[in-house]
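As the structure lists them, so they are numbered: ligands from 1, and atoms in each ligand from 1. As a basis for the values below, the full set of heavy atoms in this structure was taken, side chains included, without hydrogen atoms, waters or symmetry mates.
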Amino acid sequence: MSDFPTEQKALDVLILAAGLGTRMRSAQAKVLHRLDARPLINHVCRAATALAPQKIYVVIGHQGEDVKTAVLTEIDEQQAVFVVQEKQLGTGDAVNSAREFLQELDSTLLVLSGDVPMIRPETLAALVQQHHRHRGKGAACTILTVKLKDPTGYGRILRDDTGLFERIVEQKDATDDAKQINEINSGIYCFNTQKLFDALSNVRNHNSQGEYYLTDVPSLLRDAGEDVAIFHHPDSHEIEGVNNRAQLADLERILNRRTISKLMLDYGVTFIDPKSAHVSAQAVIGRDTIVYPNITIEGSTVIGDGCAIRSGTRITNSQIGHGVEILDNCVIIDSEVGNNCTVGPFAHLRGNSKMEEKSKAGNFVELKKTRLGRGSKASHLSYLGDATIGENTNIGAGTITCNYDGVRKHETHIGDNVKIGSDTMLIAPVTVGDGAITGAGSVVTKDVEAHLLVAGVPAKVKKNLKEDTKTNS
Ligand code: UD1
Ligand code: CA
């Protein structure tokens, strides 16, 4: 027999995502609930896209517009086709709502559930391959199954005496005997598209839920003499569905554990207490970085080599360079920290702030939309907002950029080698030139030229430091 499949049809994907998900007890449609900070449906879409199908059909219903928006952040508009299921009459009815697009197609249809987010593209590719190769001619249907310790809630796979597929029984329709079966239907299948729609016409809703079950299609195909195959997969986590919040939390934990073990084993990151760290699967951390207990790293954060991240810190969608020390209880959002910087304890960086290399934002310092130049330091109790600060400048304890006049925000610009005295109020818009000094407690209401010393309320020029250096030399 030839190794080559005789049936290598083009691939389309259909994702079921119209249900509300009653068991979530939520106002929000289930597929919009987040795993690793991304909607469940996005995870499924990403896996589907990796197979490069012709089209990805998404069945929408509950909060359809929001689901559509989420899907389009993951899939190209040209590749996505949205199908509305008006009433949620069951998974069979959901597939049926795409009939007009699909029933004539000579293709393979991979059916996915919007609430089974951990599925990997490699597994789907293997499923499709086995479906095409089945007995050298391809199967009419191939069902992805796994064995679960606790199969409660899932459809069970019934096999005949020879071990071949017989039918799927839903939990709610199962006899006590069937409930003992621990091989379950993942809700992921490959179909010969035309055969699927032919059989779907014969699905009835005579079951305990009064729904049209997609799970009746495989046995209808089998009864019609078609080949129904089973693709048994060893990793049960991949196909765990999210039906309630406890399952959602389980998957979050599993995904987190996977992410952290990959970072430890493949990337050389030390976690002092892996169980108490929460790291997004999208994040990257460099080698020899040490992560202390109780930290959260979210979104597409990138952290360099040899950093230390102390307890209580959250970093979201930010870039951290190499050799950075982030002390306890910092919040860093949408910001950039250069090589060898020091942050915290209790620092807050946000709004595209940028710390250039070897700079420091210390105890209780907040930077909003602010650039802190190379080697500059704000060590204690400051708010620096809408500001640019040059190189090797020192911002004294308690300095505030008063950027808001009650109506609008204004900018503060501070040059290189400046010494801002403790408790200086900088009334923006205002500029302090290179080499200038402000006295402790100054309220700076006007621009300060380079190399002037100002002090007082409001701050007045006390000395020209340039002349000072001249006379001194
Ligand atoms: C389904 C399977 C079950 C399988 C399990 C795997 C059926 C009848 N049962 O059960 O055998 O073990 O998945 O996770 O298919 N949906 C619609 N329209 C509807 C109903 C559902 O689009 O009218 C969507 C849902 O949004 C969801 C998916 O289909 O994304 C699965 O529906 P759900 O109600 O969660 O099915 P299960 O009870 O989990
Ligand atoms: Ca489900």
Side-chain angles (χ1 to χ4, degrees), residues 13-24 26 28-33 35 39-45 48 57-64 66-68 70-71 82-98 111-119 141 143-148 150-158 165 167-174 178-179 181-189 191 196 200 203-220 230 233 236-248 251:
V13 174
L14 178 72
I15 304 176
L16 307 185
L20 171 64
T22 320
R23 291 164 280 181
M24 294 298 280
S26 173
Q28 192 178 36
K30 175 166 64 178
V31 299
L32 293 173
H33 280 261
L35 171 68
L40 297 176
I41 185 76
N42 286 46
H43 292 259
V44 180
C45 288
Y57 298 83
V58 186
V59 183
I60 55 174
H62 278 283
Q63 293 162 22
D66 296 337
V67 174
K68 196 169 160 178
V71 166
F82 294 94
V83 180
V84 178
Q85 184 193 20
E86 299 291 349
K87 272 193 190 153
Q88 280 64 56
L89 302 177
T91 48
D93 181 69
V95 174
N96 203 46
S97 47
V111 177
L112 305 175
S113 269
D115 65 346
V116 181
M118 301 273 281
I119 189 73
C141 168
I143 308 166
L144 178 64
T145 74
V146 297
K147 286 198 172 121
L148 292 183
D150 177 12
T152 313
Y154 290 92
R156 311 295 208 285
I157 302 291
L158 270 62
F165 173 81
R167 62 198 174 93
I168 301 171
V169 182
E170 290 305 299
Q171 168 83 28
K172 287 184 180 151
D173 305 303
K179 282 181 187 153
I181 298 171
N182 67 352
E183 185 179 16
I184 62 103
N185 168 30
S186 65
I188 294 171
Y189 330 72
F191 289 99
L196 162 63
L200 202 52
V203 169
R204 299 286 171 265
N205 62 352
H206 303 151
N207 51 57
S208 64
Q209 303 190 80
E211 287 187 359
Y212 294 89
Y213 290 166
L214 177 59
T215 46
D216 285 349
V217 168
S219 53
L220 286 168
I230 287 176
H233 187 56
S236 61
H237 290 322
E238 258 186 64
I239 62 79
E240 276 179 41
V242 174
N243 293 313
N244 59 47
R245 304 213 190 212
Q247 289 170 328
L248 182 61
L251 292 194

*asked:* Please check: side-chain N/O of Gln247 versus main-chain N/O of Val242, any donor-acceptor pairing under 3.5 Å?
replied: no
*For atom 6 (C) of ligand 1, is the nearest protein heavy atom under 4.0 Å away?*
yes
*At under 4.0 Å between heavy atoms, which part of Asp93 makes contact with ligand 1: side chain, backbone, both or neither?*
neither
*Just wondering, is there an N, O or S atom on Asn243 that's nearer than 3.0 Å to the Ca ion (ligand 2)?*
yes
*Determine whether the side chain, the backbone, both or neither of Gln209 has a heavy atom under 4.0 Å from any heavy atom of ligand 1.*
neither
*Short N/O distance, under 3.5 Å, between Ser113 and ligand 1?*
no
*4.0 Å heavy-atom contact, Asp115 with ligand 1*: yes
*Under a heavy-atom criterion of less than 4.0 Å, does Arg23 contact ligand 1?*
yes
*Tyr213: numbered ligand 1 atoms lying under 4.0 Å from its heavy atoms*: 8 (C)
*Taking distance alone, with no angle check, do Gly241 and ligand 1 share an N/O pair under 3.5 Å?*
no
*Relative to ligand 1, is Glu211 under 4.0 angstrom through side chain, backbone, both or neither, heavy atoms considered?*
neither
*Examine the proximity of ligand 1 to Ala18 and report which part, side chain or backbone, both or neither, has a heavy atom under 4.0 Å away.*
both
*Give a yes/no on ligand 1: does Lys30 have at least one heavy atom closer than 4.0 angstrom to it?*
yes
